[in-house]
Amino acid sequence: MTRGTRIRALIALAVVAFAAYITVTTPVRLGLDLRGGTQIVLETRDSATVKATSEVTDNTVETLRRRVDALGVAEPQLVRSGDNRIIVELPGLQDPQEAVDVLGRMAVLGFHPVLGYAEESAENKQGELVLPDEDGQRLRLGPAKLTGGDVSGAEPGSDPQSGPGWFVNVDFKGAGQEKWAELTGQAACAPDGDPRRRVAIVLDGEVISSPQVVPSVACGVGITGGSTQITGSFTFEQAEELALLVRGGALPVPVEVVEQRTVGPTLGAEAIADSAWAAVIGTALTSLFIIVVYRLLGLMAAVALVCYGLISYAALAGLGATLTLPGLAGFVLAIGMAVDANVLVFERAREEYRAPRATLRTALSAGFRNAFSAILDSNVTTLVAALLLFFLASGQVRGFGVTLAIGVLASMVSALVITRALSEAVLSLRAVQKRPGITGISKIGRVREWLQRRDPHLMRRPGRWLLVSLLVVLTAFSGVAVRGLNLGVEFTGGRLIEYSSSVPVDPEQAREAIADAGFPRAIVNSSGDGNFTVRTEPLSNAEEGRLTQALGPLDGDVQKVRDELIGPSLGDELRRSAIIALLAALAVQMAYLAFRFRWSFSVAAVAAMAHDVLVLVGIFAWLGKSLDGVFLAALLTVIGYSVNDSVVVFDRVRELVASDRGPFARLTSTAINQTIPRTINTGLGAVFILGALLVLGGSTLHDFALALLIGVLVGTYSSVFTAAPLAVVLHRLGRRSPAEKKAEQAA
């Protein structure tokens, strides 16, 4: 074993040991879609006197934090997003109505002197406020003498001796105690029964209580001690909510709910179990496949694959990243993508072993050295897609971007460090050196042998392949014109509610029940396994409750498992962000490929990506599938995958052009013939994982896995029969040297 091998082995051992330690000691943080709960996105709005700046939004977050703490939710999360958005996560809370009511209220509290009764036609004047009291009697109120800022605490209370119902005990602090004594002392100077003897307590422009100062209070002295009671025969829930609002304080500016998601804990547990089974079965199938193809080195790659999963999980836990449902799918998907680098190295090592005086160890070293360029380029392009998801997407899709980025980096460590250390260790054994056939790199494989023997010139007429690609795009994308795009509520705004039933539900029956409840435009989709979704325009929580109640008489035990509300303004913003993300992905990929290769390769690869995007969107249009944020994650992943295949082909073309001055079209055909085994093997590795995710991932991940599976198949095709022929055509149209022209004419 060489010194370099020992160093790599020690590094690999240290990385795996550290990852195992983090995995055992640090639990990964699950998103609300996996552990159940409610996420509410609030947007601060300008008031008449205060502009909703980032500083004001920060103050609003602190006020909301006090309110959320009073709700009693375990481990709540409140963070500012952008300048005027606040994301509130409430684990375990299944009824968002209470949270929205508490969080959304301004809670502007004031204690006002009553100036007298107001006539029916009376309106607000300078320094006066006209409001009805709790009995509907209109009162003239003076300016507030105390506000919520003078309150030190508020708690619900009851006294059976004084009568039924609950009240709120309010304690004042500092100068508020003197202000309260002054306000009540002034009111006590009015005769008993006079409206001026009352004090009006106003919350958010509504009189919630206007008690009269008791006769025992002396004029000019008032109520001392710094406390009072807000009465009104409240229920316990009403008194508790009022005390919470008084205690939490007023919001600096109004807030509006722009997004709301609720996921039941059962759905999250099922998603974790389904994804875990998909990961186990997909990993087993992928490992079995690479062991069959690459034998002993394939076994080492399978061991490294397990280490990759350990490193990825440890990175998620160590960085404190939140694992969401799309992120969990990305974690499973990255297992298949981790095979890519191993396949590149092993295929290249097979080629190097055919060189004169080559040994197993020199062939493997040359394989790692010569495949590094393609590995770097393909992983960088996928990493670009992941970063775009993180910076331009939102919510759960950002979690997918984080997981995918971690997976890309972990796969490089797995392939370039762990697989290499294990492979070099086994190839240094004498028993292995005497039996090179068991290594998996001593022969190039049947597919490669057939291609070398036949040596098909696929790029003889590149225009034909481009015509076929154009027909494929037109056929698929015509679904948009025929059936239209089914944009999800994330892009259009609205409410999407998923229900589960113990027996399959007839969509027509559910649709009629919902229409009878006053929602005739609701769209009902059933998966046939008892789960069905209802999509409507934006509904209030009260309207959602009426809709859910209408489904009660249906056969089976109908329960709500997921609830998403997206405001129209946020839907427009997310739609713009999706378009920007796609355009940015294409532009960044083009710039990177132009830097690493040549402009014709860059244009050809981006055209292949556009081909894949149009085909995938068209197929989903034909199938009537929803295009939502998770689909956007799949789409950008497909873009990265498509570039991976194109990069491998172009990397081999660049290498052949540097060593051979033959016709460009012929060199491109040779590059395709040499890289097709790699393309097929990496594609099959991803197909095993995605197939397991499609079958076992449950209804939530079904469309995500389907989009990726279609994208892998289309991307594999386009890298060979769209990107390569277009590069040949662009090369012919570009400036060529006289030697190149002469060689092509001779050919």
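Fair warning: this is a prediction, and the values are worked out from it, not measured in the lab.
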**Request:** Check the surroundings of atom CZ in Arg453: do more than 12 heavy atoms from other residues, nucleotides or ligands lie under 6.0 Å from it?
**Result:** yes
**Request:** Walk me through it: do Ser469 and Thr722 pass the test side-chain hydrogen bond (donor to acceptor under 3.5 Å, both in side chains)?
**Result:** CA-CA 6 Å; Ser469 297; Thr722 303; 2.7 Å; yes
Rounded to the nearest 0.5 Å, what separates atom [atom1] in [X] from atom [atom2] in [Y]?
{"X": "Asn370", "Y": "Leu344", "atom1": "CG", "atom2": "CG", "answer": "11.5 Å"}
{"X": "Leu614", "Y": "Leu470", "atom1": "CG", "atom2": "CG", "answer": "10.5 Å"}
{"X": "Thr286", "Y": "Ile689", "atom1": "OG1", "atom2": "CD1", "answer": "4.0 Å"}
{"X": "Asp377", "Y": "Leu593", "atom1": "CG", "atom2": "CG", "answer": "7.5 Å"}
{"X": "Ser414", "Y": "Leu422", "atom1": "OG", "atom2": "CG", "answer": "9.0 Å"}
{"X": "Ile676", "Y": "Leu451", "atom1": "CD1", "atom2": "CG", "answer": "5.5 Å"}

Taking atom types as modelled, is there a side-chain donor on [X] or [Y] under 3.5 Å from an acceptor on the other?
{"X": "Asn486", "Y": "Ser626", "value": "no"}
{"X": "Thr359", "Y": "Thr362", "value": "yes"}
{"X": "His731", "Y": "Ser600", "value": "no"}
{"X": "Ser373", "Y": "Arg654", "value": "yes"}

My understanding is that only residues two or more places apart in sequence, or in another chain, count here; which of them pass salt bridge (Lys or Arg N to Asp or Glu O under 4.0 Å) with [X]?
{"X": "Asp628", "answer": "none"}
{"X": "Arg535", "answer": "none"}
{"X": "Glu449", "answer": "none"}
{"X": "Glu352", "answer": "Arg348"}

Can you see which heavy atom on [X] is nearest to which on [Y], and at what distance?
{"X": "Ser718", "Y": "His611", "value": "CB-ND1, 3.6 Å"}
{"X": "Val480", "Y": "Gly618", "value": "CG2-CA, 4.4 Å"}
{"X": "Ser312", "Y": "Ile406", "value": "O-CG2, 3.9 Å"}
{"X": "Ser602", "Y": "Met590", "value": "OG-O, 2.6 Å"}
{"X": "Leu485", "Y": "Ala621", "value": "CD2-CB, 4.3 Å"}
{"X": "Ala604", "Y": "Ala723", "value": "CB-O, 3.2 Å"}

Residue pair [X] / [Y], side-chain heavy-atom distance below 4.5 Å:
{"X": "Thr419", "Y": "Phe346", "result": "yes"}
{"X": "Val647", "Y": "Phe597", "result": "yes"}
{"X": "Ser669", "Y": "Arg460", "result": "no"}
{"X": "Asp340", "Y": "Asn342", "result": "no"}
{"X": "Leu616", "Y": "Val714", "result": "no"}
{"X": "Val653", "Y": "Phe664", "result": "yes"}
{"X": "Val638", "Y": "Val712", "result": "no"}
{"X": "Met609", "Y": "Ser646", "result": "no"}

**Prompt:** Going through the checks in order, is the side-chain contact (heavy atoms from CB on, under 4.5 Å) test met by Phe631 and Asp703?
**Reply:** CA-CA 8 Å; Phe631 175 82; Asp703 289 353; over 6 Å; no
**Message:** Apply side-chain contact (heavy atoms from CB on, under 4.5 Å) to residues Leu364 and Thr439 and explain how you reach the verdict.
**Reply:** CA-CA 11 Å; Leu364 184 67; Thr439 62; over 6 Å; no
**Request:** List the steps and the verdict of salt bridge (Lys or Arg N to Asp or Glu O under 4.0 Å) for Glu424 and Arg361.
**Result:** CA-CA 7 Å; Glu424 288 179 343; Arg361 294 177 61 186; over 6 Å; no
**Asked** Is the backbone of Ile438 close enough, under 3.5 Å, to the side chain of Ser442 for a donor and an acceptor to pair up by distance?
**Response** no
**Message:** Determine whether a donor-acceptor pair (N or O, by modelled atom type, separation under 3.5 Å) exists between the side chain of Ser287 and the backbone of Thr283.
**Reply:** yes
**Prompt:** Pick from Arg678, Lys443, Arg652: which one makes a salt bridge (charged side-chain N to carboxylate O under 4.0 Å, His left out) with Glu351?
**Reply:** Arg652
**Request:** Run through Phe650, Tyr592, Phe595 and flag the one making a ring pair (Phe, Tyr, Trp, His ring centres under 6.0 Å) with Phe601.
**Result:** Phe650
Using atom types as modelled, flag every donor-acceptor pair under 3.5 Å from a side chain in residues 288-305 to any protein atom, sequence neighbours excluded.
| residue | atom | partner | partner atom | Å |
| --- | --- | --- | --- | --- |
| Tyr294 | OH | Glu347 | OE2 | 2.7 |
| Tyr294 | OH | Asn681 | ND2 | 2.8 |
| Arg295 | NH1 | Gly437 | O | 2.7 |

**Asked** Does the side-chain contact (heavy atoms from CB on, under 4.5 Å) test come out yes or no for Ser478 and Trp622, once each step is laid out?
**Response** CA-CA 8 Å; Ser478 62; Trp622 278 115; 3.4 Å; yes
**Request:** Could you go through the side-chain contact (heavy atoms from CB on, under 4.5 Å) check for Val720 and Trp465 one step at a time?
**Result:** CA-CA 9 Å; Val720 176; Trp465 294 117; over 6 Å; no
**Message:** Against Leu458, only a single residue in Asn673, Thr668, Thr670 fulfils side-chain contact (heavy atoms from CB on, under 4.5 Å); can you say which?
**Reply:** Asn673
**Prompt:** Does Arg350 make a cation-pi contact with Tyr353, if we ask for NZ or CZ under 6.0 Å from the ring centre and within 45° of the axis?
**Reply:** no
**Fill in**
Sorted by chain and residue number, the side-chain contact (heavy atoms from CB on, under 4.5 Å) partners of Val468 (sequence neighbours excluded) come out as Val472, Tyr717
